[in-house]
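Okay, structure first, notes after.
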Amino acid sequence: MKYNYTEIEKKWQKRWEESGIFKAQDDFTKPKFYSLIEFPYPSGAGMHVGHIKAYSGLEVVSRKRRMQGYNVLFPIGFDAFGLPTENYAIKTGIHPRNVTDKNIERFTEQLKNVGFSFDWSRVVDTTEENYYKWTQWIFLKMFENGLVFRDTALVNYCPSCKVVLSNEDSQGGKCDICHSDIVQKSKDVWYLRISQYADKLLEGLNDVDYLANIRMQQENWIGKSVGAFVYFNINGGEQGEKMRIYTTRPDTLFGVTFTVIAPEHPLIDKYRDRIKNIAELDAYREQCAKKTEFERTQLQKTKTGVKIDGISAVNPLNGKELPIYISDYVMMGYGTGAIMAVPAHDDRDYEFAKKFGIDIIEVIKGGDISNAPYVGDGEMVNSDFLNGYNNKKDAIAKAIEVLAEKGIGEAGVQYKMKDWAFNRQRYWGEPIPIVHCPKCGIVPVPYEELPLRLPKVDNFEPGVGGESPLAKIDSFVNCKCPRCQGNAKRETDTMPQWAGSSWYFLRYIDPHNDNEFANFEKMKYWLPVDWYNGGMEHVTRHMIYSRFWHRFLYDIGEVPTKEPYAKRTAQGLILGSDGEKMSKSKGNVVDPNEVVSEYGADVLRTYVLFMGDYTSATPWSDSSARGCKRFLERVADLYGMTKGSGSTPELESKFHKTVKKVSSDIEDMKFNTAIAAMMTLLNDIYDHGSLTVDEFKTYISILCPFAPHLCEELWEMVGGKGFLSMHEWPSYDEAKTVDSTVEIAVQINGKVRATVSLPVDCDKETAIGIAKQNETVAAMIDGKTIVKEIVVPGRIVNIVVK
RNA sequence: GCCGGAGUGGCGGAAUCGGCAGACGCCCGGGACUUAAAAUCCCGUGAUGCGAGAGCAUCGUACGGGUUCAAUUCCCGUUUCCGGCACCA
């Protein structure tokens, strides 16, 4: 058959669309499968082949599930709010709405070109009113439940993008969007209290099946630390004034020789009058404030600090007076912003103590503290009631018990995860549905007034001082207070990019519902998402945020499951053919449309899965892609071979083995070896020269999820009924996957010297007997003493001689 | 610094309850077909040595040790690369 892929692919894409076979049915009696891929941000650059690889994995799984009789929900949508579109609008003056529509159109065309089996009737666009209405609705629910708060704070601010960024968006002190250095700036910030969900997000990981490294990154991000709070009296302070510190090592309290507070700690301003060297402290604090977070945490590893003259701390366990230092190695944002320093057993405290000439007291034996801090386990000394304890765990438990008894401390838990800075001074985002009323204060927009629509503007440039473009729209800003009907002003900031994607998987379940974000009965059927695949870069942001929103919705009874995603995997990148990450500036980007027109969609789909391990990064290779084209062309010619002499038991057995391997490899995301197995079988068929019609049907059935256009065409040629895409997945006979005889390697002293053919279930004696009859083997053991004979059935025979 | 993952032919990668290393594909070489080229098909293809040849031997999975009849796989040490976190008390 002439493989006219362009014609075939257009033909079947049209038929699939007209027949609607990929639409998910709301038939709750059928077994369901919800497979989810991360919906794309519709950028102006269009899709690249990395997107295709990201979607092809679950595309194959989804198609296999349909053939296995599942009711499959495999949706697609667009995460379309965001900065690049807005920046493009600023540059060109074209409205983001128009830019977005155009980009979505382009993406849709590209996706359809590849023949993905998405349910196109459920497309979601986060920038549409009937979508962001519900994003705002969920925000108001959070507000209602005390998870939204406003604070003036030092925030991560990107001077180039002119926006406040969350910690997640400014990792490493760089803006995640434009990679400029971020600076600290005091701003009014809306926060979502995600920290309140830290424990739930951590525990939830026990109920889901995520790849190990994904789980690890999330745990790391949440950063739970178990320790204790201890209250130190302040010498020179007010009566009863305590300095609260957080430590993970309350067992070392007798080794404390000083304390340190963060430069921003409120204690300093409170006791300005009593501190004798306040000018020196202020100078140091000013110096710290100028440093970016990046400089403070990444570059500056040598300790600096100033001793406070005028107040001091008192160790609550032994009454010892301790100096208080300020130093920027203590962060205001973690714990209490104050620490007890145990230089003998902490690297940082040790360095500080050495520099400032502070005492170092050993409380754990095992090291030489005159040379270096000892951080290992050991016997407690110089520690009163803790003396003699031999391990950290017991000593900590005892210390906490005593602290609690005396009312000078308590067990405590800290998380690295901070609350989520949730506002951006930007136009192209969901307006935050809040009204500022001079009388009533902060008032939420009533639910019935949603959606709070984005007004039309002409100028998308953020205001001076970084205020939102919406602030310039008087008709938007000026409003009536929903509570007292007096004149009030609207919040003009919008939500961050991550808002819309925090719940989109719920909307897919019921995308056209005008009364609720999704029908509960439908959610009960479809949730959780059975399998979610996406990029590693979203593990600590999108994944954490959406798990948080979902868990909140569960807590208020709006969704039926605690966790949104039962299983999560991640694909590896496709690198440019130069081995570098694909980027426009390097000119190594591969456009899927070009590959489709040159080789066909089936080749593109097959190649992105064949090119290497699905979860690893692999460079693109045009010539390897051509190899996949040859493969499919040879498959196309297979039909002619059904007219030959038929099959053999050997070939039949190979079919059963291949069906088995392809079936299980797809489940394990080992698409590359699944395709390799089909190639091997194809070579075997070619060697044999013919196959039966049933075998041919089996072959195109297992290949169908990978190369569906070609397989549908061949199915039609061979007289198959209906769509192959909906035809049943082939089964295999386990018995026929086992050969009656096996080729076994015979080793002499561990080196392979011969190969013999053995019955599959033969016993040890028979195996050794047959092996010894082999000429080479016989010659090599002739005249030698046999020390040992090892037989691993179906694997190997090893004869050890001397 | 800490926590993960990885290091296999010219290339992408297979094979890990320890059991014939290099499946499958690419590249490359030789041949067939063709006036010729492309395409296609067939053969070869880890390295080194020996042999006219079928073939044989030795080495070989980052490096150095170890356990074992047998190690890409397990253990100890070293090293390089990638990813994440990073003064988190």
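Residue numbers begin at 1 in each chain, while the letters A, B, ... track the order of the sequences.
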Exercise. Rounded to the nearest Å, what distance is computed from the CG atom of residue A:D687 to the P atom of nucleotide B:C24?
Worked result: 11 Å
Problem set entry | 5′-ward residue of the pair A:S623/A:N749 relative to RNA chain B | A:S623
Exercise. When the distance from CD of A:Q747 to P of B:C20 is rounded to whole Å, what number comes out?
Worked result: 8 Å
Exercise. Is any NZ, NE, NH1 or NH2 atom of the basic residue among A:R626 and A:E598 found under 4.0 Å from an Asp or Glu carboxylate oxygen of the other?
Worked result: no
Exercise. Rounding to the closest angstrom, what is the interatomic distance between B:G22 and B:G30 at atom P?
Worked result: 26 Å
For this session: Calculate the interatomic distance between A:H345 atom NE2 and B:A89 atom C1'; express it in whole Å.
Result: 15 Å
Seminar exercise, completed: Base-pair string, RNA chain B, Watson-Crick plus G-U, cut-off 3.5 Å on both distances, | for inter-strand, is (((((((..(((......[....))).(((((.......))))).(((((....)))))..(((((..]....))))))))))))....
Exercise. Can you tell me how far C1' of B:G83 sits from CH2 of A:W221, to the nearest Å?
Worked result: 15 Å
Exercise. Looking only at atom P, what distance separates B:C27 and B:U40, rounded to whole Å?
Worked result: 9 Å
Exercise. Is A:K670 salt-bridged to A:D668, cutoff N-O under 4.0 Å?
Worked result: no
Exercise. Do you know the tightest heavy-atom contact between A:M332 and A:P266?
Worked result: CE-CD, 4.0 Å
For this session: Provide, to the nearest angstrom, the distance between the CG atom belonging to A:D613 and the C1' atom belonging to B:G83.
Result: 15 Å
Exercise. In whole Å, what separates the P atom of B:U72 from that of B:U8?
Worked result: 15 Å
Problem set entry | Value in whole Å for how far the P atom of B:C87 lies from CD1 of A:I245 | 19 Å
Problem set entry | Check ion pair A:D199-A:K224 (N to O, under 4.0 angstrom) | yes
For this session: Please report the shortest heavy-atom distance between A:I326 and A:Y284, naming the atom on each side.
Result: CD1-CD2, 3.5 Å
Exercise. Given atom CG of A:L632 and atom C1' of B:G25, what is their separation to the nearest angstrom?
Worked result: 13 Å
For this session: Could you measure between the two P atoms, the one in B:U73 and the one in B:A15, and give it in whole Å?
Result: 16 Å
Exercise. What's the CD1-P distance between A:I796 and B:A70, to the nearest Å?
Worked result: 12 Å
Problem set entry | Nearest-Å distance once atom P is located in both B:C63 and B:G9 | 9 Å
